[in-house]
Amino acid sequence: MEIAATRTVSVARQSRRLSNAFSRKLDSVSSLSFGYFEIKYCVGSSRLCVSASSMEAITAEKISPASFLDKRETGVLHFVKYHGLGNDFILVDNRDSSEPKITQEQAVKLCDRNFGVGADGVIFALPGVNGTDYSMRIFNSDGSEPEMCGNGVRCFAKFIAELQNLQGKHSFTIHTGAGLIVPEIQDDGQVKVDMGIPILKAQEVPTKLAGNKGEAVVQAELVVDGVSWNVTCVSMGNPHCITFGTKGGPNLKVDDLNLPEIGPKFEHHEMFPARTNTEFVEVLSRSHLKMRVWERGAGATLACGTGACALVVASVLEGRANRKCTVDLPGGPLEIEWKQEDNHIYMTGPAEAVFYGSALL
């Protein structure tokens with residue numbers, strides 16, 4: 001399969017030269033006219049084809065998601081690239097079908113950062129089911145399909161808002177593999193998401209570790225490559241293993257971790273029959289946590305929304321933190337609150353468009 005990615009970036013009207021600085025944010029082009037250039041990456045080829053298309057001025061409205069994606073060429077996938085704190089996704093308007101427009105194998109090629117577009121996953125906006133506004137499915141960069149993604153659902157909400165040309169505060173009901181998720185776009189552009197109730201029963205996480213606090217696994221011992229770690233297991237619709245350090249060892253300093261070495265050993269541990277996401281956590285204060293994450297199916301990423309939610313639950317269960325915390329991820333901070341009133345977890349953070357593109361399938 002050949003993949004070509006087309007990136008559209010803004011250029012100030014007064015310059016026609018590609019060497020000039022490009023605007024970094026799509027929302028900054030509303031007052032500018034711009035041209036565009038294309039960069040095509042061909043799978044199985046060492047060629048990098050660059051073509052400067054006609055540089056006539058066009059309006060920002062002409063590349064809004066609604067107009068850009070309203071193209072139906074056979075064999076061409078139109079998309080918008082988004083990121084949430086550096087956790088990046090290819091968003092596809094799939095509202096005309098209940099089946100994803102591309103296969104999992106094609107998603108792997110699209111997510112390749114050298115020969116494809118580059119992303120942690122592909123997200124499809126599908127028609128709603130069971131009375132929901134929309135459905136969301138995700139293919140990870142390895143082709144696997146997770147139940148949910150916290151950063152991804154914020155990107156999904158912004159994508160829908162742009163497609164529908166919605167302004168100000170709006171919320172949506174979204175059907176996911178983890179159940180009903182309700183994101184709400186705030187007046188400042190941040191997205192607050194009701195992530196639902198955390199799952200603590202060991203069998204439902206799932207983990208083969210025995211419950212040691214009722215049916216929950218809290219500060220249990222997990223031996224990984226001969227080293228004993230203290231872990232707490234939480235599901236946010238997808239499995240998470242949270243650790244603050246080794247058994248009897250010092251508090252974790254997450255910057256010191258060799259994540260590519262240790263992460264896969266947690267992910268594929270026999271105690272996690274569906275594999276697991278793993279959060280390594282450093283406590284800065286009772287309201288400030290720092291984490292690094294190894295995501296199931298994606299590896300080391302800059303952010304994981306469900307992981308940030310899961311680690312706040314684990315921190316509360318272990319008596320290390322309050323119910324409302326700032327969680328520092330490599331890509332930036334998220335605000336997480338586990339409300340006692342309804343037992344729901346609420347996540348607030350950004351989601352930003354990066355570029356519009358087309359992929360040849």
Side-chain angles (χ1 to χ4, degrees), residues 82-89 120-121 123 138 140 146-158 176 178 181-184 186 190-200 205 231-244 252 254-255 257 259 263 266-267 276-318 320-339 343-352:
Y82 281 78
H83 80 88
L85 298 179
N87 197 189
D88 56 344
F89 305 95
D120 291 321
I123 297 178
I138 310 166
N140 280 328
E147 300 86 350
M148 229 288 287
C149 174
N151 290 311
V153 79
R154 296 199 316 278
C155 294
F156 185 101
K158 293 294 284 286
T176 74
I181 299 294
V182 184
E184 181 181 72
Q186 306 296 292
Q190 297 264 303
V191 183
K192 182 177 182 178
V193 186
D194 180 349
M195 299 288 286
I197 298 172
I199 297 167
L200 300 177
V205 170
V231 301
T232 293
C233 299
V234 178
S235 172
M236 294 302 305
N238 57 349
H240 293 270
C241 173
I242 301 97
T243 181
F244 296 86
L252 201 57
V254 295
D255 290 337
L257 285 172
L259 199 56
F266 276 84
E267 177 184 356
T276 190
N277 301 282
T278 308
E279 287 74 39
F280 300 88
V281 190
E282 181 176 343
V283 179
L284 303 178
S285 75
R286 291 193 62 83
S287 60
H288 195 180
L289 307 171
K290 182 178 181 179
M291 87 169 196
R292 291 180 68 191
V293 60
W294 183 267
E295 289 198 54
R296 178 187 60 166
T301 61
L302 295 179
C304 177
T306 54
C309 294
L311 74 85
V312 170
V313 172
S315 300
V316 172
L317 293 176
E318 293 193 20
R320 299 176 184 270
N322 304 326
R323 285 179 170 263
K324 187 173 183 179
C325 293
T326 297
V327 179
D328 287 344
L329 304 95
L334 286 173
E335 300 300 323
I336 309 294
E337 183 176 9
W338 184 16
K339 285 192 176 180
N343 201 30
H344 284 227
I345 301 201
Y346 295 86
M347 169 190 63
T348 303
E352 297 182 6

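Because only heavy atoms are used, hydrogens play no part in the values below, and waters and symmetry mates are left out as well, while side chains stay in.
Judged purely by atom type and a 3.5 angstrom limit, Arg154 uses its side chain to pair as donor or acceptor with the backbone of Pro350. Under the 3.5 Å distance criterion, the side-chain polar atoms of Asp88 are left unmatched by any main-chain donor or acceptor of His83. Under a 3.5 Å cut-off, the side chain of Asn322 and the backbone N or O of Lys324 do not form any donor-acceptor pair. Between the side chain of Thr176 and the backbone N or O of Ala178 there is at least one donor-acceptor pair closer than 3.5 Å.
Using a 4.5 Å heavy-atom threshold, the side chains of Ser315 and Leu289 count as touching. Within the 4.5 Å cutoff, the side chain of Val254 has no heavy atoms near those of the Glu279 side chain. A heavy-atom distance below 4.5 Å is not found between the side chains of Pro333 and Val327. The closest side-chain heavy-atom distance from Met291 to Leu329 is below 4.5 Å. Considering only heavy atoms from C-beta on, Trp338 comes within 4.5 Å of Val316 through its side chain. Put simply, the side chain of Leu334 reaches to within 4.5 Å of the side chain of Asn151, judged on heavy atoms. Put simply, the side chain of Val293 does not reach to within 4.5 Å of the side chain of Phe280, judged on heavy atoms. Side-chain contact between Ile345 and Ile336: present, with at least one pair of heavy atoms (C-beta onward) separated by less than 4.5 Å.
Scanning both residues, Ala157 and Val191, for their nearest heavy atoms gives CB-CG1, 4.2 Å. Considering all non-hydrogen atoms of both residues, Arg320 and Val283 come closest at O-CG1, 4.1 Å. In terms of heavy atoms, Gly84 sits closest to Cys155 at N-SG, 3.7 Å.
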Which side-chain N or O atoms in residues 294-314 pair as donor and acceptor under 3.5 Å with protein atoms at least two apart or in another chain?
residue, atom, partner, partner atom, Å
Trp294, NE1, Glu267, OE1, 2.8
Glu295, OE2, Thr301, OG1, 2.5
Arg296, NH1, Ala274, O, 3.0
Arg296, NH2, Glu147, OE1, 2.6
Thr301, OG1, Ala303, O, 3.1
Thr306, OG1, Asn238, ND2, 3.2
Thr306, OG1, His240, NE2, 3.1

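For the pair Lys158 and Tyr82, the cation-pi criterion (under 6.0 Å, within 45° of the ring axis) is not fulfilled.
Salt bridge annotation for Asp255-Arg292: absent, with no cationic side-chain nitrogen under 4.0 angstrom from a carboxylate oxygen.
Going from atom CE of Met236 over to atom CE of Met148 covers 7.0 Å, rounded to the nearest 0.5 Å. One finds the CG atom of Asp194 at 5.5 Å from the NE2 atom of His344 (value rounded to the nearest 0.5 Å). Rounded to the nearest 0.5 Å, atoms CD (Glu337) and NZ (Lys339) are 5.0 Å apart. Remark: Ile123 CD1 to Phe156 CZ distance equals 8.0 Å, nearest 0.5 Å. How far CG of Leu85 is from CG of Asn87: 8.0 Å, rounded to the nearest 0.5 Å.
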Step-by-step side-chain contact (heavy atoms from CB on, under 4.5 Å) determination, Val281 to Ile242: CA-CA 7 Å; Val281 190; Ile242 301 97; 3.6 Å; yes
side-chain contact (heavy atoms from CB on, under 4.5 Å) between Val234 and Leu200, worked out: CA-CA 5 Å; Val234 178; Leu200 300 177; 3.9 Å; yes
Full working for side-chain contact (heavy atoms from CB on, under 4.5 Å) between Phe244 and Glu318: CA-CA 10 Å; Phe244 296 86; Glu318 293 193 20; 3.4 Å; yes
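In this structure Gln190 satisfies the side chain to side chain donor-acceptor pair (under 3.5 Å) test with no other residue, sequence neighbours excluded.
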